[in-house]
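One structure is given here, and the rest of the page talks about it.
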Number of protein chains: 2
Amino acid sequence: MKKIIANIFVATGLAAALCSPVFADGNHKNIGAAIYNAKGELLQPEGFRQWVFIGAPLTPNGLNGGQAGFPEFHHVYVNPDAFAVYQRTGEFPDGTVIAKELVLLKPGKYEDGSYDAPSGRGFFADKYHGMDVMVKDSKRFKKTNGWGFFNFGHHAPPYIKTAEAASIDSCAGCHQANAEKDMVFTQFYPILK
Amino acid sequence: MKKIIANIFVATGLAAALCSPVFADGNHKNIGAAIYNAKGELLQPEGFRQWVFIGAPLTPNGLNGGQAGFPEFHHVYVNPDAFAVYQRTGEFPDGTVIAKELVLLKPGKYEDGSYDAPSGRGFFADKYHGMDVMVKDSKRFKKTNGWGFFNFGHHAPPYIKTAEAASIDSCAGCHQANAEKDMVFTQFYPILK
């Protein structure tokens with residue numbers, strides 16, 4: 001009987017090992033975990049366009065005197081495991097990664113930049129044009145309220161491969177002053193309400 | 001020895017059974033498959049806000065004489081398995097489900113409906129306000145170019161639980177006339193380029 005039980009444990013271990021490649025093949029937990037190089041720079045997150053979408057705010061140049069900080073659509077995503085924790089607890093756990101991709105507007109003929117589409121006059125996405133990331137790590141980014149901010153380029157892809165944390169005045173200051181909840185603009189993201 | 005091998009198979013089966021709930025818990029294949037009731041009505045898709053986001057076009061009432069067909073943000077998602085096939089083949093397979101959720105704009109003080117946010121003047125999401133679905137099934141929806149269109153309500157949630165296919169003049173006609181690829185407005189979704 002002992003031998004059978006021992007065999008079961010061995011075999012279960014084997015089966016667990018067989019399960020692992022399934023998780024590693026896109027179904028594993030911790031998709032979108034923050035990874036740093038030896039210099040402490042954040043590696044460009046992979047596959048963020050398939051994370052959980054949270055919102056697409058838009059501040060067109062045409063409505064901001066040609067001087068919008070981010071005149072494109074902001075397509076904003078959160079890594080799925082952190083989202084699952086947020087849904088359960090209402091808090092962003094350490095390890096939350098939020099990626100914002102900037103997407104140019106289809107150029108329109110109006111001063112505000114809007115475009116005539118079959119469904120009406122409005123704003124429609126055209127091409128990718130930049131990417132920023134914020135990462136929650138209450139120890140690593142203690143000085144900026146527990147979040148690090150990273151700019152991977154404000155231009156067409158490919159984006160840069162690694163980025164160092166931005167200074168407090170480039171991102172964190174505005175988030176701290178204006179974001180509704182823990183440095184995140186939850187006021188504009190109904191899925192985070 | 002035979003006994004040991006037999007035990008391994010039994011135990012592997014047990015471990016496989018233990019693995020299954022992991023897949024059933026959100027990681028199984030065919031998330032977002034179209035399911036119909038006995039009357040042929042489509043059931044409201046579950047969990048579509050965690051499918052692959054493809055775009056957020058916007059046609060505000062303020063830019064359309066107060067008469068926009070869909071004055072909200074359109075948050076558009078595709079079921080992940082169909083997206084994986086599309087990435088590989090460039091074609092929407094039968095079983096593709098595209099969900100469009102309508103999301104009201106934060107009410108602003110300008111005629112175009114835009115809102116003053118810390119990041120500038122523009123358009124920001126407020127509350128959920130409706131949901132439509134299109135399903136690719138080249139046999140079932142042969143008369144409307146292989147796609148069925150379903151309206152789950154144009155109002156705050158909860159949306160209706162089941163919907164019958166819309167008539168050709170309510171959705172399919174416009175998609176057929178104006179969508180760039182196979183009834184889908186890929187021209188506005190860079191991830192489908």
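Proteins get letters first, then strands, A, B, ... in listed order; numbering begins at 1 in each. As the structure is a prediction and not an experimental result, all values here were calculated from the model.
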Exercise for the section: May I ask whether Ile31(B) and Tyr77(B) are part of the same hydrophobic cluster, defined by side-chain heavy atoms of I, L, V, M, F, W, Y residues being less than 4.5 angstrom apart, directly or through others? Expected result: yes
Exercise for the section: State whether the number of non-hydrogen atoms from other residues, nucleotides or ligands found under 6.0 Å of Glu180(B) atom CD is greater than 12. Expected result: yes
Practice task
Inspect the surroundings of CD in Gln87(A) and state if more than 12 heavy atoms from other residues, nucleotides or ligands are less than 6.0 Å away.
Solution key: yes
Completion exercise
Checked Phe70(A), Phe83(A), Tyr189(A) vs chain B; the most non-hydrogen pairs under 4.5 Å come from Phe83(A)
Completion exercise
Most contact-rich option vs chain A, by heavy-atom pairs under 4.5 angstrom, among Asn64(B), Asn178(B), Ile191(B), Val52(B), is Asn64(B)
Problem - Lys193(A), NZ atom: more than 12 neighbouring heavy atoms under 6.0 Å - result: yes
Problem - ILVMFWY cluster, Val135(B) and Ile160(B) together (side-chain gap under 4.5 Å) - result: yes
Practice task
Go through the steps to decide whether His75(A) and Phe53(B) satisfy the test side chain to side chain contact (heavy atoms under 4.5 Å, CB included), and finish with yes or no.
Solution key: CA-CA 9 Å; His75(A) 288 179; Phe53(B) 168 72; 3.5 Å; yes
Handout entry: Greater than 12 external heavy atoms within 6.0 Å of Lys161(A)'s NZ
Key = no
Practice task
Spell out the residues in residues 97-133 of chain A that have some non-hydrogen atom less than 4.5 Å away from a non-hydrogen atom of chain B, in order of number; otherwise answer 'none'.
Solution key: Val103(A), Lys106(A), Asp112(A), Ser114(A), Tyr115(A), Ala117(A), Pro118(A), Ser119(A), Gly120(A), Arg121(A), Gly122(A), Phe123(A), Phe124(A), Ala125(A), Asp126(A), Tyr128(A)
Exercise for the section: Look at the side-chain heavy atoms of Ile, Leu, Val, Met, Phe, Trp and Tyr, link any pair under 4.5 Å apart, and say whether Met134(B) and Tyr36(B) land in one connected group. Expected result: yes
